[in-house]
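Chain letters run A, B, ... following the sequence lines, proteins first, then strands; residues in each count from 1. As a basis for the values below, the full set of heavy atoms in this structure was taken, side chains included, without hydrogen atoms, waters or symmetry mates. Predicted model only: the values in this text are computed from it and were never measured.
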There are 2 protein chains.
Amino acid sequence: MDTATLLKSKGLRVTPQRLAILDILRSTKAHPSVETVYDLVRERFPSISFNTVYKTLQSFEDAGLVWKLSIDNLYRYDGNTLPHAHFYCHRCGMVLDVNGELTQRFSEFLEMARKTPGLKVQSMEVNFYGHCPACRY
Amino acid sequence: MDTATLLKSKGLRVTPQRLAILDILRSTKAHPSVETVYDLVRERFPSISFNTVYKTLQSFEDAGLVWKLSIDNLYRYDGNTLPHAHFYCHRCGMVLDVNGELTQRFSEFLEMARKTPGLKVQSMEVNFYGHCPACRY
DNA sequence: TACTACATAATAATTATTATCATGTTGTAT
DNA sequence: ATACAACATGATAATAATTATTATGTAGTA
């Protein structure tokens with residue numbers, strides 16, 4: 001779906017800044033932090049403020065357009081909201097999607113937790129930590 | 001095992017502060033933050049510094065005595081280092097262990113991720129988010 | 001075209017985590 | 001028992017990341 005249409009469909013206003021920010025998240029698999037999105041969007045909007053990026057990402061998450069991940073005590077944004085696990089490299093800080101068999105099991109895991117009496121489970125995060133291919137030694 | 005013996009077995013020095021801190025973690029299921037451990041240990045050692053608690057917890061984690069969890073961008077310490085999942089209540093901030101069927105599956109999940117080519121997976125965190133029994137409405 | 005509600009930008013405050021360094025204490029060897 | 005080297009502690013400060021405030025600007029709607 002077209003990015004402007006996507007924003008409208010969630011009842012969000014369409015501004016050049018928002019289009020740029022959402023386009024960035026939709027086109028990367030790098031799971032950028034607010035800071036990184038800020039750096040990227042400044043290439044096109046040099047005068048955009050950090051606060052705008054921060055608040056915009058927040059509203060995107062509230063609308064369910066993006067996934068706000070908490071990995072190693074850092075927030076990272078993922079344009080892919082489908083359930084999947086993540087890997088964090090302790091050496092270089094890179095965040096990768098973990099694909100394969102795990103992804104199918106992911107939802108089963110969530111369903112299992114939802115059966116815990118008393119708990120109202122809204123979301124789930126699965127984070128692996130270690131070294132990525134480039135940093136492996 | 002006796003707490004002093006446990007410290008020694010990991011090559012760590014035994015001090016009154018360390019005994020108190022490790023005892024706290026071994027006797028609670030509350031997954032306290034550094035700040036909370038600091039508050040608890042001050043009941044017995046009113047002049048202990050935050051830094052001591054912070055550094056001590058860090059060395060405990062390095063020695064594998066405790067588990068440093070990253071949940072909702074906050075570090076929490078768990079005296080139980082056996083693999084298990086956690087639940088975080090967005091309302092009250094409480095962290096609970098998730099027991100049952102999930103715990104057995106936890107290690108399978110880790111093994112699955114370890115099969116991902118190229119990755120060197122060291123650890124794994126599974127965090128559920130939602131409302132706890134007391135905060136459910 | 002005008003108007004209202006929301007978005008933006010500049011700035012500042014807050015919170016959590018980590019660092020520095022002088023002094024004190026533990027473990028070990030005498 | 002004593003002394004000493006290595007590490008722990010406490011006081012303080014710095015850092016890093018996240019969130020708040022507010023005046024001005026713009027999108028959406030009538």
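Under the 4.5 Å side-chain criterion, counting only non-hydrogen atoms from C-beta, L65(B) is in contact with K10(B). Considering only heavy atoms from C-beta on, R76(A) stays 4.5 Å or farther from P32(A) through its side chain. Between F128(A) and L110(B) there is a side-chain heavy-atom pair separated by less than 4.5 Å. Residues N73(B) and Y75(A) meet the side-chain proximity criterion, which asks for heavy atoms closer than 4.5 Å. A heavy-atom distance below 4.5 Å is not found between the side chains of M124(B) and V121(B). Side chains of V98(A) and V126(A) form no contact here, defined as non-hydrogen atoms less than 4.5 Å apart.
Under the 4.5 Å side-chain heavy-atom criterion for Ile, Leu, Val, Met, Phe, Trp and Tyr, M1(B) and V14(B) are members of the same hydrophobic cluster.
Remark: side-chain polar atoms of T56(A) are paired, donor with acceptor, to backbone N or O of T52(A) under 3.5 angstrom. A side-chain donor-acceptor contact under 3.5 Å links N80(B) to the backbone of L82(B). Panel note: side chain T28(A), backbone L25(A); no donor-acceptor pair is recorded below 3.5 Å.
Between K8(A) atom NZ and dA7(C) atom P the separation is 15 Å, expressed in whole Å. Atom P of nucleotide dA7(C) and atom CG of L7(A) are separated by 11 Å, given to the nearest angstrom. Rounded to whole angstrom, the span from the CG atom of L19(A) across to the C1' atom of dA7(C) amounts to 13 Å. The distance from atom CD1 of I71(B) to atom C1' of dA16(C) is 16 Å, rounded to the nearest whole Å. Summarising the geometry, the separation between CG on L57(B) and P on dG10(D) is reported as 13 Å, rounded to the nearest angstrom. The interatomic distance linking D72(B) (CG) with dA17(D) (P) rounds to 17 Å, in whole Å. Straight-line distance from the CD atom of Q58(B) to the C1' atom of dA16(C): 13 Å, rounded to whole Å. Atoms CD (Q17(B)) and P (dA11(D)) sit 11 Å apart, rounded to a whole Å.
Summary of the strand contacts: T15(A) and Y75(A) both lie near DNA chain D, and taking for each the nucleotide with the nearest heavy atom, the more 5' one is attributed to Y75(A). Remark on DNA chain C: of its neighbouring residues R76(B) and L12(B), the 5'-side contact belongs to R76(B), judged by nearest-heavy-atom nucleotide.
The side chain of R18(B) places an N or O atom within less than 4.0 Å of a non-bridging phosphate oxygen (OP1 or OP2) of dT9(D).
DNA chain D lies under 4.0 Å from no heavy atom of any residue of residues 59-68 of chain B. Residues from residues 28-55 of chain B placing a heavy atom under 4.0 Å of any atom in DNA chain D, listed by number, are S47(B), I48(B), S49(B), N51(B), T52(B).
Seen from the ring of F45(A), R42(A) does not count as a face-on cation partner, given the 6.0 Å and 45° thresholds.
Bending across the helix from dT1(C)-dA30(D) to dT30(C)-dA1(D), expressed as the angle between its end axes from five pairs apiece, amounts to 30° (10° rounding).
Comparing dT18(D), dT9(D), dA6(D) by their closest approach to the side chain of R13(B) singles out dA6(D).
If you run ring pair (Phe, Tyr, Trp, His ring centres under 6.0 Å) between H86(B) and each of Y77(B), W67(B), Y129(B), only W67(B) comes through.
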